[in-house]
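The structure appears right after this line, and notes come after that.
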Amino acid sequence: EYNVLVLGKKVFSEKDKHLIGYVQVTNDLVNYDQTRRKLILIFLVFSLIAAIGIALLSYGLSSWLLGPIDLINDTIGKINGDDESDALANLRVPELKHEDELAELGRLFNKMLDRMQRYIEQQQQFVEDVSHELRTPVAIIQGHLSLLKRWGKDDPAVLDESIEASLQEIARMKSLVQEMLDLSRAEQVEIQFGKEITDAKEVGLQVFNNFQMIHPDFTFVLDDDLKDITNVQIYRNHLEQVLIILMDNAVKYSRERKEVHMTLSKNINDIDIVIQDFGEGISQENIDRIFDRFYRVDKARSRDKGGNGLGLSIARRLIEGYHGKLVVESAVGQGSVFRVSLPLVKNKDNKK
Ligand code: ADP
C-alpha cells in the first residue's frame, strides 16, 4: 500500500562468469515523498498568495481605471434624478487627474452638456423673443377693437382707421410667423436640400432686375464678372431669399444716396456675391449682433419699415447650411457691404 523503489541485479562470479546470486536494493522513498509533499505545500501557499495579490492588484487597478466612469455615472444619475431645471446648467463631471481616454470621455461629456445647455437657453430665449414680438401687434389690435366697440361702430372715420391699423398689424404678424418658420427651416437645409444645384449668375441677375423694377427711385449698378453658368450647391429659392433679404436691407437702410451695387465674381473655390449700399451703415458695437435673432439697431425705425430683425439671421443660417459664409463690413454714415461666399460645384458645366 505504499510506493517503494526496487532495483534488482544478477551477480556473476568473476572467474567463470556463472550466476552466483542476486542483489536487490530497496528504497522506501521517504525522502522523495517528503520532498513532494513539501513542494505541493509550497506550491499551494504560493498560489494562494499570488491569487490574493492578483485580486488585490486588479481591484486597485480597476477602481483606479474605472473611477472616471463612476464619476460620469454619478453626474448622469444626478442630472437625471434632479428635477430642477438648473441641474444641467450646474452639474459637470469633475476634472480628472490622469490623462487617458476616460479623462477625454469626461471632457467630451461635459462639452456635450454645455452644448445641450446652450441649446436649451437658445430655445427659451427664442420663445421669450417671439412672445415679446407678438405682444405689440396683439396689444395694438386689442386697443383698436376696444376703441371700435366703444365708439367706432357709429363713427366711420374711427372705424376706417382702426380696421386699417388692425389689418396692418395682422400683416406684420403674418410676416413674423412666416419668417420664424423660415428661420427654423433654415436650420435643416443641409439634410433636405444638400444636393440641390443652382446657377448663381442667373439668380443674381433675376433678383437684381426685380429690384430695379420695384424701386425706380434707386440706382442699381451691376458688376458681373461671371462669364457663364456658375453652379453652386444651394437650393434656388434659398439663394434668391438670401439675396432678396440683403437687397431689401440695402434699400431700407439707404438715405440720401439711393444707390445699390451688386457684384458677382468667383475664385478657384467660391463664388462671391457682394451687395453694397451707401446708407446709414452699422456701428462697430452693433455689427456682431445684427445676425442675432430679432436684433435691430433702431427697433422703432426698423419696425416702421416692416423689419422683424430676423432677415439676416435667416440669411446667415441658410448660407452656413450650405457651407458658405455671409460677412459684413460697414462704416457708420458711409454704408455697408454684405458678402455672400458659396463653394462652387466643380464639374464639367462650370469648366465650360
Ligand atoms: P430687419 O428685418 O430689421 O431689417 P435684419 O435681420 O435684416 O432685420 O437686420 C438686422 C438689423 O441690422 C437691422 O435692423 C438694421 O439695423 C441692421 N442692418 C441690416 N442691413 C443693413 C444695412 N444694409 N445697412 C445698415 N444697417 C443694416
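Predicted model only: the values in this text are computed from it and were never measured.
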**Fill in**
salt bridge (Lys or Arg N to Asp or Glu O under 4.0 Å) filter on E259, not counting sequence neighbours, yields R257
**Prompt:** When you measure from the side chain of D292 to the backbone N and O of Y295, does any donor-acceptor pair fall under 3.5 Å?
**Reply:** no
**Message:** Which residues pass the ring-ring contact (aromatic ring centres under 6.0 Å, His included) test with F193, not counting sequence neighbours?
**Reply:** Y235, H238
**Message:** My understanding is that only residues two or more places apart in sequence, or in another chain, count here; which of them pass salt bridge (Lys or Arg N to Asp or Glu O under 4.0 Å) with E133?
**Reply:** R296, K299
Tell me which donor-acceptor pairs under 3.5 Å the side chains of residues 330-344 have, and how far apart each pair is, sequence neighbours excluded?
{"from": "S330", "atom 1": "OG", "to": "I282", "atom 2": "N", "distance (Å)": "2.8"}
{"from": "S330", "atom 1": "OG", "to": "G335", "atom 2": "O", "distance (Å)": "3.0"}
{"from": "S330", "atom 1": "OG", "to": "S336", "atom 2": "OG", "distance (Å)": "3.0"}
{"from": "S341", "atom 1": "OG", "to": "D272", "atom 2": "OD1", "distance (Å)": "2.8"}

**Prompt:** Under the 3.5 angstrom rule, does the side chain of R317 hit a backbone N or O of S184 as a donor-acceptor pair?
**Reply:** no
**Message:** Is it true that Q168 and E164 share a donor-acceptor pair across their side chains at a distance under 3.5 Å?
**Reply:** no
**Those residues that, when tested against H144, pass ring-ring contact (aromatic ring centres under 6.0 Å, His included) (two or more places apart)** = none
**Request:** Name all residues meeting the side chain to side chain contact (heavy atoms under 4.5 Å, CB included) criterion together with D114; count only those two or more places apart in sequence or in a different chain, and write none if there are none.
**Result:** R92, R118
**Request:** Keeping the roles fixed (side chain from S162, backbone from L159), state whether a donor-acceptor pair exists under 3.5 Å.
**Result:** no
**Request:** Using atom types as modelled and distance alone, determine if a side-chain donor or acceptor of N308 lies under 3.5 Å from a backbone N or O of L310.
**Result:** no
**Request:** Examine the side chains of Y32 and N3 and answer whether a donor and an acceptor come within less than 3.5 Å of each other.
**Result:** no
**Asked** Between the main-chain N or O of L205 and the side-chain N or O of N209, is there a donor-acceptor pair closer than 3.5 Å?
**Response** yes
**Side chain T230, main chain D228, donor-acceptor under 3.5 Å** = yes
**Request:** For this output row, return yes or no: ring centroids of H261 and F278 closer than 6.0 angstrom.
**Result:** yes
**Asked** Is the side chain of K10 donor-acceptor paired with the backbone N or O of Y22 at a distance under 3.5 Å, no angle test?
**Response** no
**Asked** Just wondering, are more than 12 heavy atoms of other shown residues or ligands nearer than 6.0 Å to CD in E101?
**Response** no
**Request:** Using modelled atom types only, decide if a donor and an acceptor are shared between the side chain of N231 and the backbone of I197 within a distance under 3.5 Å.
**Result:** no
